[in-house]
Amino acid sequence: MRQQPVLLVIAHGSRDPRHAATVHALVRRVRAQRPGLRVETGFLDFNIPSVNGVLESLAAEGVRDVVALPLLLTRAFHAKSDIPAVLHSAPRQLRIRQAEVLGPSPLLLSALERRLYEAGLTPADKSSTGVVLASAGSTDPEAIAVIAEIAREWRHTGWCAVRPAFASASGPRTEEAVRELRALGCARVAVARYVLAPGFLPDRIARGAAEADVLAGVLGPAPEVARVLLDRYDEASLPALAAVG
């Protein structure tokens with residue numbers, strides 16, 4: 001029987017130990033949702049194992065097919081440049097398909113709402129609550145446009161208002177979006193962190209949320225996030241399985 005491709009989750013990495021711990025927790029949830037699927041983790045920087053190291057180990061074991069999944073919410077520099085460059089240098093006996101980034105996805109909006117409810121909101125609060133959709137930020141206009149579109153779509157699910165904010169590169173900052181929602185007359189303001197793991201920029205978002213009523217946790221190992229990972233894996237692995245017939 002044809003062996004399914006190995007799933008290699010590619011995370012950015014961070015000096016903050018919370019980052020790697022959260023990535024590993026998410027990968028454990030992915031494994032629990034799909035028993036029998038081999039899932040490996042590699043980091044671009046700061047943490048081990050490196051992506052190159054994992055790929056070399058897989059090749060040495062005789063693995064042939066790999067789906068490389070960027071643990072990213074938007075298709076920006078890392079997905080377009082860094083990760084393809086690393087994969088290009090992989091051992092030639094590996095057949096590697098790069099999966100799409102995680103976002104946008106309705107499941108991620110569900111995960112954001114899960115975190116807001118865990119932080120104290122209820123579904124009954126939606127119509128009177130303004131939400132700041134706070135992301136890390138990017139110099140890539142495509143990534144910025146995606147965040148803005150997610151905010152527009154999320155607004156139509158019943159929130160008083162939704163405004164995007166960014167921790168780096170472009171504005172507005174979280175604190176600016178919080179004040180804008182106050183000025184609109186929202187009874188309460190919540191900040192939803194559209195980031196996967198703790199670190200420097202998520203902490204900056206938290207500081208910017210000082211005047212908000214609710215600050216949600218990062219997406220982390222939410223079950224919805226794990227489901228998106230598996231969806232992206234399935235989309236990328238189907239051509240590899242079909243090619244064998």
Side-chain angles (χ1 to χ4, degrees), residues 16 18-19 21-34 71-74 101-137 146-167 172-199 201-232:
D16 189 324
R18 297 174 298 168
H19 174 89
T22 302
V23 170
H24 291 309
L26 175 58
V27 168
R28 286 194 296 272
R29 188 175 287 274
V30 171
R31 291 183 179 126
Q33 288 192 12
R34 185 72 62 86
L71 198 59
L72 301 168
L73 294 172
T74 58
V101 297
L102 303 184
S105 167
L107 285 169
L108 294 179
L109 288 181
S110 297
L112 287 169
E113 294 201 0
R114 171 191 291 275
R115 294 304 187 222
L116 286 169
Y117 297 150
E118 289 171 352
L121 292 180
T122 70
D125 296 324
K126 291 185 74 169
S127 62
S128 58
T129 301
V131 179
V132 177
L133 178 66
S135 72
V146 166
I147 298 299
E149 180 60 25
I150 292 171
R152 284 191 291 270
E153 291 181 2
W154 204 16
R155 163 68 181 85
H156 296 309
T157 65
W159 297 102
C160 174
V162 180
R163 294 290 185 273
F166 306 94
R173 294 289 183 258
T174 303
E175 54 269 31
E176 295 168 343
V178 168
R179 291 168 191 151
E180 180 184 354
L181 290 172
R182 291 276 189 226
L184 283 175
C186 297
R188 66 185 63 78
V189 176
V191 174
R193 285 189 280 184
Y194 192 59
V195 292
L196 286 165
L201 293 178
D203 285 350
R204 179 181 287 177
I205 291 171
R207 291 193 296 273
E211 297 178 16
D213 302 294
V214 174
L215 171 64
V218 301
L219 292 171
E224 297 88 352
V225 179
R227 283 174 56 195
V228 176
L229 262 74
L230 289 169
D231 286 347
R232 298 292 183 255

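Numbers here are sequence positions counted from 1.
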One should read off an interatomic distance between Cys160 SG and Asp125 CG, to the nearest 0.5 angstrom, of 12.0 Å

Take atom CZ in Arg227; do more than 12 heavy atoms of anything else shown fall under 6.0 Å from it? no

task: Measure from the side-chain N and O atoms of Arg188 to the backbone N and O of Gly130, and report whether any donor-acceptor pair falls under 3.5 Å.
output: no

In terms of heavy-atom contacts, Ser135 and Ile205 come closest through O-CD1, 3.8 Å

Value for NE2 (His19) from NE2 (His24), rounded to nearest 0.5 Å, stands at 9.0 Å

Check the pair Ile150 / Leu109 against side chain to side chain contact (heavy atoms under 4.5 Å, CB included), numbers first and verdict last.
-> CA-CA 8 Å; Ile150 292 171; Leu109 288 181; 3.7 Å; yes

Test side chain to side chain contact (heavy atoms under 4.5 Å, CB included) applied to Leu107 and Asp231, step by step:
CA-CA 10 Å; Leu107 285 169; Asp231 286 347; 3.7 Å; yes

* Check whether any side-chain heavy atom of Pro202 lies under 4.5 Å from a side-chain heavy atom of Arg18, and answer yes or no. => no

Taking every heavy atom of Ala177 against every heavy atom of Pro164, the minimum-distance pair comes out as CB-O, 4.2 Å

Any donor-acceptor pair under 3.5 Å linking the side chain of Arg163 with the backbone of Pro172? no

Looking only at heavy atoms, the pair that brings Tyr117 and Thr122 closest together is CE2-C, 3.6 Å

Exercise. For the residue pair Glu175 and Val178, establish whether any side-chain heavy-atom pair is separated by less than 4.5 Å.
Key: no

Quiz item: Does the pair Arg115/Glu118 count as a salt bridge with the N-to-O cut at 4.0 Å?
Solution: yes

Review point. Judged by atom type as modelled, is there a donor-acceptor pair below 3.5 Å linking the side chain of Asp213 to the main-chain atoms of Ala190?
Key: no

Separation between CG (Leu219) and CG (Leu26), nearest 0.5 Å, reads 9.5 Å

Would a distance-only check, ignoring hydrogens and angles, find a side-chain to backbone donor-acceptor pair under 3.5 Å from Arg232 to Leu102? yes

Determine, step by step, whether Val225 and Leu108 satisfy the side chain to side chain contact (heavy atoms under 4.5 Å, CB included) criterion, reporting the C-alpha distance in whole Å, the side-chain angles of both residues, the deciding distance to 0.1 Å, and the verdict. CA-CA 6 Å; Val225 179; Leu108 294 179; 4.0 Å; yes

Taking every heavy atom of Ala192 against every heavy atom of Trp154, the minimum-distance pair comes out as CB-CH2, 3.8 Å

Exercise. Mind checking whether Val218 and Leu196 have side chains closer than 4.5 Å, heavy atoms only?
Worked result: no

Between Leu229 and Leu71, does a side chain to side chain contact (heavy atoms under 4.5 Å, CB included) hold up when you go through it step by step?
CA-CA 8 Å; Leu229 262 74; Leu71 198 59; 4.0 Å; yes

- Looking at side-chain heavy atoms only, is the closest gap between Val101 and Thr74 below 4.5 Å? no

- Task: Check whether any side-chain heavy atom of Leu215 sits under 4.5 Å from a side-chain heavy atom of Arg193, and report yes or no.
- Result: yes

In short, Ala226 meets Gln33 closest at the heavy-atom pair CB-NE2, 3.6 Å

Less than 4.5 Å apart, any side-chain heavy atom of Trp159 and any of Leu133? no

With heavy-atom distances below 4.5 Å as the criterion, would you say the side chains of Arg114 and Pro223 are in contact? yes

- Query: Salt bridge between Glu113 and Lys126, side-chain N to carboxylate O under 4.0 Å?
  - Reply: yes

Review point. Between Arg152 and Glu149, is the closest basic N to carboxylate O distance under 4.0 Å?
Key: yes

For this session: Taking the side chain as every heavy atom from C-beta outward, state whether Thr129 and Cys186 have any pair of such atoms under 4.5 Å apart.
Result: no

Smallest heavy-atom separation, Gly199 atom then Asp16 atom, equals CA-OD2, 3.7 Å

